[in-house]
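These notes concern the structure reproduced below.
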Amino acid sequence: MLIDLARTSTAVTAGSARLAKIAHLAELLGRVEPDEAEIAIAYLSGELPQRNVGVGWKSLQDPPEPRLAATATLREVHDRLDRVKALTGPGSQGARKTLLAELFGSLTRQEQLFLTRLLQGELRQGALEGVMIEAVAKAAGVPAAEVRRALMLRGWLPAVGAAALSGGIEALRAFHLEVGRPVSPMLAQSAVSIEAAFGKLGGPAAVEWKLDGVRIQAHRAGDRVSVFTRTLDDITAQVPELVEAVGALPSSDLVLDGEVLAMRADGRPEPFQVTSGRVSSRTDVQRAREKVPLSVFFFDALRADGADLLDLPGEARHAALARAVPPELMTPRLVTSDVADGEAFFKDAVRSGHEGVVVKSLLTPYAAGRRGAGWIKVKPRHTLDLVVLAVEWGSGRREGLLSNLHLGARDPETGGFVMLGKTFKGLTDELLAWQTERLLAIAEGPTDGWTVTVRPELVVEIAFDGVQRSSRYPGGVALRFARVIRYRSDKTADQADTVEMVRSLML
DNA sequence: TTCCGACAGTGGGGTCGCAAT
DNA sequence: ATTGCGACCCCACTATCGGAA
């Protein structure tokens, strides 16, 4: 029953101890029907078996009156969401609304709350996939490492969890790398400098250009090529150049990891916005391709030479990649133990218009789906001193605190300020409390109950990765990945950086 | 007893496709 | 033609728990 999940979710939300959350989840998994295990695992880790159903915050605004008695089964809810997802074409939004109202009208208040959070992608129970892995292991009586390994190869915990619950450790060991089915890609940790990155790894390392495009995983089985994104979406039809490039390789049994991006004729990369737009284009790929051709650069191989390579050291995987792929399709790379060489390579990458580098251990295996310690990204960091123009009330654990800052640069021509974006990042609890008090003291002007306008007096030092063209902000520019470094109590607003300075960074 | 790896949470800008206006 | 919504591309950072050292 859905109510069982809602109750478990409430119990999981109630405390902060992870072991207690695991115990609650495992208890539920211990009594779920086998044919509903997949749904239960998905829901309680914040996922939908359908991945998405076209329902977001707006569609969930005013739910109908709840029922008093809980009657909905997991299967019923799942089937109704299938029907919601299937609705398309003219009039579908009205029909969708009706179906959703029917569904929510059949639920109790507790069930409504659970389903709303689930559909919004904000379960906020302090437990998602990472905790659910442990719960599955506990409920199935198998080591968590076995669940993780199967998940790495299958990429979808509900399927892995259901198998573990019904078939135990043997069922888990039956999962293997399947060409044509994506593996969660390995992610990188970050460091502030090449020196710090080398320090974390120790010994010689590979330094690779970090290209600012879209992460892809390319599979080839015989003549069949498939391409997947970081979240395992199939984008094969959107990247024909990549399909052709992989199809032309001598080997017909491959799983490759790389980055796709749009390059300019002069050999420099297009801004991320251009690559992103091209990769997202689905309606007229041929035309999009003519306007913005894509290039691909590989940096790892998960399968080649007729063998799975995940467990091999990075260096061995790279050697296999180099045997399978011509050099022009590989990410520029330098192996060194000399920090100065690494720094020079990093500078060269940035000078060539790229994001930075990833410093990689030569030893570690491919940590699929994890932020492995073996890969460390390093990017240059820009900073500006900007003025707080307004601030938004936070939600969740930031409820009651002023959180999201509206940032402005000085405009000497008008004597005013030009908004460049917002940020909520980099704030400690202490700083959140401080800025709430400080900003309320200088609140002035319109407020909509969500955004508090303040007198432009407070200067804050902001780090960011770069500037990008913006149609949202009046200055035509916005900051990318802005975060707070510190408040500049030593500076007044008329000493803040100007919008011209920001624009000059766009070149 | 202290340290640190892994997670979850809190949101940021931009783009596309689709349905409604 | 424009607007709003949902989905997904890129993502940084802090707090916390609990196992490792």
Side-chain angles (χ1 to χ4, degrees), chain A residues 15-22 45-46 51-59 61 85 87-96 119-134 148 187-190 211-216 229-233 235 238 259-261 271-284 288 355 367 369-373 377 379 381 392 394-399 401 403-407 420-432 462-473 477-485:
Chain A
S16 63
R18 280 209 289 269
L19 293 175
K21 292 178 191 288
I22 291 165
S45 50
R51 261 186 85 105
N52 60 62
V53 291
V55 172
W57 66 275
K58 185 68 178 178
S59 327
Q61 285 298 69
K85 178 168 176 141
L87 286 169
T88 54
S92 62
Q93 279 189 14
R96 199 170 271 233
L119 288 169
Q120 281 178 336
E122 293 181 340
L123 221 43
R124 299 192 193 191
Q125 57 179 18
L128 293 170
E129 191 180 79
V131 175
M132 183 57 88
I133 288 170
E134 303 287 335
R148 278 202 194 87
L187 307 176
Q189 302 186 354
S190 48
L211 307 177
D212 193 7
V214 173
R215 180 82 176 269
I216 54 90
T229 65
R230 196 158 94 75
T231 52
L232 314 188
D233 256 17
I235 55 162
Q238 288 142 256
E259 191 90 1
V260 67
L261 73 163
F272 174 73
Q273 286 158 301
V274 174
T275 293
S276 171
R278 165 59 216 276
V279 172
S280 311
S281 294
R282 280 162 287 172
T283 45
D284 191 349
E355 254 198 302
R370 325 198 70 179
R371 215 163 267 292
K377 59 181 159 187
K379 299 192 275 187
R381 196 188 75 170
E392 295 170 24
S395 63
R397 73 185 299 283
R398 292 191 178 186
E399 186 94 52
L401 293 165
S403 173
N404 197 6
L405 302 168
H406 294 201
L407 306 167
L420 295 175
K422 310 179 191 178
T423 186
F424 57 91
K425 294 173 185 168
L427 299 163
T428 60
D429 287 356
E430 193 185 356
L431 205 49
L432 275 164
I462 297 294
F464 59 101
D465 277 24
V467 293
Q468 53 193 345
R469 209 169 289 283
S470 172
S471 56
R472 172 184 315 223
Y473 291 110
V477 287
L479 303 181
R480 194 163 180 218
F481 309 144
R483 61 266 190 192
V484 172
I485 300 296

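Chain identifiers are assigned alphabetically (A, B, ...) following the order of the sequence lines, protein sequences preceding nucleic acid strands; residue numbering begins at 1 within each chain.
- Within the 4.0 angstrom heavy-atom criterion, no nucleotide atom of any strand lies near A/Lys85.
- Within the 4.0 angstrom heavy-atom criterion, no nucleotide atom of any strand lies near A/Val260.
- Smallest separation of non-hydrogen atoms from A/Glu134 and A/Ile22: CB-CD1, 3.5 Å.
- Using a 4.0 Å cut-off between charged nitrogen and carboxylate oxygen, A/Glu259 and A/Arg230 do not count as a salt-bridge pair.
- Figure legend. B/dC7 is base-paired to no nucleotide; pairs are counted as Watson-Crick or G-U wobble with both atom distances under 3.5 Å.
- Taking A/Ser45 as the reference, nothing meets the side chain to side chain donor-acceptor pair (under 3.5 Å) condition, with sequence neighbours excluded.
- Where DNA chain C meets chain A (any atom under 4.0 Å from a heavy atom), the bounding nucleotides read 5' to 3' are C/dC5 to C/dG19.
- Distance, A/Arg398 CZ to B/dA8 P: 18 Å, rounded to whole Å.
- Salt-bridge formation is detected for the pair A/Lys379/A/Asp465: a Lys NZ or Arg NE/NH1/NH2 atom is positioned less than 4.0 Å from an Asp or Glu carboxylate oxygen.
- Taking for each of A/Phe272 and A/Arg397 the nucleotide of DNA chain C with the nearest heavy atom, the 5'-most of the two is the partner of A/Phe272.
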Set out, line by line, the N/O atom pairs under 3.5 Å between protein and nucleotides 3-7 of chain B.
{"residue": "B/dC7", "atom": "OP1", "partner": "A/Arg370", "partner atom": "NH2", "Å": "3.3"}

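- Listed by chain and number, the residues in a side chain to side chain contact (heavy atoms under 4.5 Å, CB included) with A/Ser92 are A/Leu87 (sequence neighbours excluded).
- Within the nucleic acid shown, A/Val55 comes within 4.0 Å of sugar-phosphate atoms alone, with no base atom in reach, counting heavy atoms only.
- Here the shortest heavy-atom pairing between A/Gln238 and A/Val279 reads NE2-O, 2.8 Å.
- In this structure, A/Lys422 pairs ionically with A/Glu392, as a charged nitrogen and a carboxylate oxygen lie closer than 4.0 Å.
- One can place CG of A/Asp429 at 14 Å from C1' of B/dA8, the figure rounded to the nearest angstrom.
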Review item, nucleotides 14-19 of chain B N/O atoms under 3.5 Å of protein N/O:
{"residue": "B/dG14", "atom": "OP1", "partner": "A/Arg469", "partner atom": "O", "Å": "3.2"}
{"residue": "B/dG14", "atom": "OP1", "partner": "A/Ser470", "partner atom": "OG", "Å": "2.8"}
{"residue": "B/dG14", "atom": "OP2", "partner": "A/Arg472", "partner atom": "NE", "Å": "3.2"}
{"residue": "B/dG14", "atom": "O3'", "partner": "A/Gln273", "partner atom": "NE2", "Å": "3.1"}
{"residue": "B/dC16", "atom": "O3'", "partner": "A/Ser280", "partner atom": "O", "Å": "3.4"}
{"residue": "B/dG17", "atom": "OP1", "partner": "A/Arg282", "partner atom": "N", "Å": "2.8"}
{"residue": "B/dG17", "atom": "OP1", "partner": "A/Thr283", "partner atom": "N", "Å": "2.9"}
{"residue": "B/dG17", "atom": "OP1", "partner": "A/Thr283", "partner atom": "OG1", "Å": "2.9"}
{"residue": "B/dG17", "atom": "O4'", "partner": "A/Arg282", "partner atom": "NH2", "Å": "3.3"}
{"residue": "B/dA19", "atom": "OP1", "partner": "A/Gly89", "partner atom": "N", "Å": "2.4"}

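- For the residue pair A/Thr423/A/Arg483, the side-chain donor-acceptor check at 3.5 Å is not satisfied.
- Between the side chain of A/Lys85 and the backbone N or O of A/Asn52 there is at least one donor-acceptor pair closer than 3.5 Å.
- Atom CG of A/Leu479 is separated from atom C1' of B/dG11 by 16 Å (rounded to the nearest Å).
- With rounding to whole Å, A/Trp57 atom CH2 is found 18 Å from B/dT10 atom P.
- Here A/Lys377 lies in heavy-atom contact (under 4.0 Å) with sugar-phosphate atoms only.
- Place A/Gln125 and A/Lys422 on DNA chain B by their nearest nucleotides, and A/Gln125 ends up nearer the 5' end.
- Summarising the geometry, atom CG belonging to A/Leu479 is positioned 8.5 Å from atom CD belonging to A/Gln468; distances are rounded to the nearest 0.5 Å.
- Rounding to the nearest 0.5 angstrom, the gap separating the CG atom in A/Leu407 from the CZ atom in A/Phe464 is 10.5 Å.
- Rounded to an integer number of Å, the gap from A/Glu122 CD to B/dG9 P is 10 Å.
- When heavy atoms are screened at a 4.0 angstrom cut-off, A/Lys58 is found touching the sugar-phosphate backbone but no base atom.
- Residue-level contact check: A/Thr231 touches the backbone only, with heavy atoms under 4.0 Å from sugar-phosphate atoms and none from bases.
- Remark: A/Arg124 pairs with A/Glu122, A/Ser395 by the side chain to side chain contact (heavy atoms under 4.5 Å, CB included) rule, at least two apart or across chains.
- Among the atoms of the strands shown, none is found under 4.0 Å from any heavy atom of A/Ser190.
- Here A/Asp212 lies out of heavy-atom contact (under 4.0 Å) with every strand.
- Residue A/Asn404 has a polar side-chain atom (N or O) positioned under 4.0 Å from OP1 or OP2 of B/dG12.
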